[in-house]
Amino acid sequence: MAQRSDSVLVVGGGIIGLACAHYLSEAGFSVTVIDRGNIGGECSYANCGYVCPSHILPLNTSATLKKGLASLFQPRAPFRFKPQLRLGMYRWFWEFARRCGHETMLAAGHHLAPLLESSLHEYRQLMSTEALDVEWQASGLLYVFQTQAGFDDYSETDRLLTTEFGESAKRIEGAALPAVEPALRDDLAGAFLYEDDGFLRPDKLIRGWQSLLASNGVTFVPQNPMTGVRRANDAITAIETVKGNMTADHYVFATGAWSAKLAQMIGCRLPIEPGKGYSVTMTRPVQCPSLPMLFPEHGIGVTSFERHFRLGSMMEFVGFDDSIPEHRIEQLKDAAAPYLYEPIGEETVETWFGWRPMTWDSLPIIGRVPTAKNALVATGHNMLGLTLAPATGRLIAELVGEQSTHLSVDAFSPTRF
């Protein structure tokens with residue numbers, strides 16, 4: 001067991017960094033979290049807030065590959081790849097494409113499934129034991145289809161999730177949809193409801209969790225980018241930052257989409273590409289959905305919070321482009337129109353983008369840095385950072401404490417690259 005004299009520096013204050021800090025603090029470590037910007041200010045901040053064990057299947061599918069190639073000629077495609085002068089990106093796409101076979105997809109899903117289930121369990125524990133006002137609801141997640149062809153195609157996916165992973169949905173025919181969710185139009189083909197999924201408001205989770213951790217002795221140092229790493233033999237001795245050198249007994253790098261830029265400093269290969277997503281948060285329409293939803297045929301998600309209404313998603317591989325094109329926000333609004341009687345709220349409260357940390361095998365990177373015995377990485381969670389955060393934090397605390405992990409981490413090891 002760790003003693004209070006054992007210290008851990010967590011580099012990265014997104015949802016993964018906060019989860020690591022939580023479980024490390026619970027295990028008795030003295031924890032400091034630093035971030036290049038504000039705590040939870042990037043990809044964790046304004047996503048749709050899904051906690052979704054139904055998201056078992058990885059992005060690596062032949063359908064995704066076809067969409068990526070087609071996007072070369074469709075600048076406004078919801079899944080878009082923009083050619084760039086970076087050899088590393090083309091290597092990433094080649095490795096991604098190599099893993100788009102059916103058997104490889106299933107293998108990745110079988111690695112993800114226990115991690116997803118563990119996180120759901122941890123979230124339920126967290127919500128029952130901590131006074132966190134995060135608008136948590138375990139109401140399920142509704143996958144809605146406009147066309148009969150889309151509905152029928154997804155029936156095969158649902159069957160696969162049932163037979164391979166035991167993750168079954170409630171099938172709802174179009175005529176029965178208005179009784180389940182009155183905000184949906186009455187001319188839709190149908191939907192699948194994954195009843196174990198839930199959602200919360202991510203910015204409230206970040207603020208609440210940070211406040212809870214600070215009250216338990218965790219130190220936060222925002223606006224403090226890492227500029228270098230000091231080493232002696234096979235260990236890290238200090239992290240160089242703009243506010244000076246910082247030392248600890250152990251170091252955890254939870255640096256999200258920025259991980260590839262920092263990989264050489266960390267001493268670990270981290271082939272991560274930023275996958276850009278968008279959201280628009282509005283005032284609630286009069287006829288506001290009660291259930292969180294996905295519209296897979298249009299590639300967007302919908303979440304209703306207590307005071308706001310959010311549309312989000314899309315996937316752009318455009319590097320670290322920090323613009324928010326107006327046509328992307330309008331595209332989100334337009335895509336909701338075939339599904340909802342009132343697809344937008346009267347007033348736009350906020351537009352946002354975030355860079356998801358995408359790995360080429362759709363699996364997160366959780367494990368020890370091979371060149372430093374006192375350092376670990378927790379990154380590369382793709383589109384599931386919020387969902388997978390608690391299980392990741394628990395695994396990191398177990399690894400730092402040199403305990404047996406509650407799940408196997410072999411498939412997530414950084415040494416796989």
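In this chain, residues are counted from 1 in sequence order.
- For the residue pair S404/E398, the side-chain donor-acceptor check at 3.5 Å is not satisfied.
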Assess the residue pair H308 and T283 against the criterion (side chain to side chain donor-acceptor pair (under 3.5 Å)); give the C-alpha distance rounded to whole Å, side-chain angles, the decisive distance to 0.1 Å, and a yes or no. CA-CA 5 Å; H308 295 119; T283 52; over 6 Å; no
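- In this structure, a donor-acceptor pair under 3.5 Å is present between the side chains of H406 and S118.
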Does the ring pair (Phe, Tyr, Trp, His ring centres under 6.0 Å) test come out yes or no for W94 and Y90, once each step is laid out? CA-CA 6 Å; W94 167 248; Y90 293 99; over 10 Å; no
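- A donor-acceptor pair under 3.5 Å is formed between the side chain of T387 and the backbone N or O of Y50.
- For N374 (side chain) and I236 (main-chain N/O), a donor-acceptor pair under 3.5 Å exists by modelled atom type.
- None of T61, N60, L59 except one satisfies the side chain to side chain contact (heavy atoms under 4.5 Å, CB included) rule with M105; the exception is T61.
- S25 contributes no side-chain N or O that, together with a main-chain N or O of H22, makes up a donor-acceptor pair within less than 3.5 Å.
- Side-chain N/O atoms of N382 and S362 include no donor and acceptor closer than 3.5 Å.
- Residues E195 and K170 are not paired through a salt bridge, judged by the lack of any N-O separation under 4.0 Å between the basic side chain and the carboxylate.
- Under a 3.5 Å cut-off, the side chain of Q84 and the backbone N or O of F317 do form a donor-acceptor pair.
- Taking 4.0 Å as the cut-off between side-chain N and carboxylate O, E316 and R328 count as a salt-bridged pair.
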Chi angles and distances behind the side chain to side chain donor-acceptor pair (under 3.5 Å) call for H250, S7: CA-CA 6 Å; H250 311 273; S7 59; over 6 Å; no
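- Below 30°, between 30° and 60°, or above 60°: for F192 and F151 the angle between ring planes is between 30° and 60°, a tilted geometry.
- Between R284 and E342 there is no salt bridge, since none of the side-chain N atoms of the basic residue sits less than 4.0 Å from a carboxylate O of the acidic one.
- Without hydrogens or angle criteria, S304 side chain to P289 main chain gives a donor-acceptor distance under 3.5 Å.
- Once rounded to the nearest 0.5 Å, the distance linking OH of Y143 with OG of S54 reads 3.0 Å.
- You'll find the ring centres of W360 and F93 outside the 6.0 Å limit.
- Under a cut-off of 6.0 angstrom, the local environment of CD in E130 is crowded, with over 12 non-hydrogen atoms contributed by other residues, nucleotides or ligands.
- Between D158 and R171 no salt bridge is recorded (no basic side-chain N to carboxylate O distance below 4.0 Å).
- Listed for the T348 side chain is no donor-acceptor partner under 3.5 Å among the backbone atoms of E350.
- Judged purely by atom type and a 3.5 angstrom limit, T255 has no side-chain atom pairing as donor or acceptor with the backbone of W258.
- Geometrically, R201 engages F305 in a cation-pi contact, judged by NZ or CZ lying under 6.0 Å from the ring centre and within 45° of the ring axis.
- Of the possible polar contacts, none joining the S259 side chain to the L270 backbone as a donor-acceptor pair under 3.5 Å is found.
- For the residue pair Q331 and Y278, no side-chain donor N or O sits within less than 3.5 Å of a side-chain acceptor on the partner.
- Using cut-offs of 30° and 60° on the angle between ring planes, the pair H110 and F165 is tilted.
- Here D361 pairs with R416 in a salt bridge; the nearest charged N to carboxylate O distance falls below 4.0 Å.
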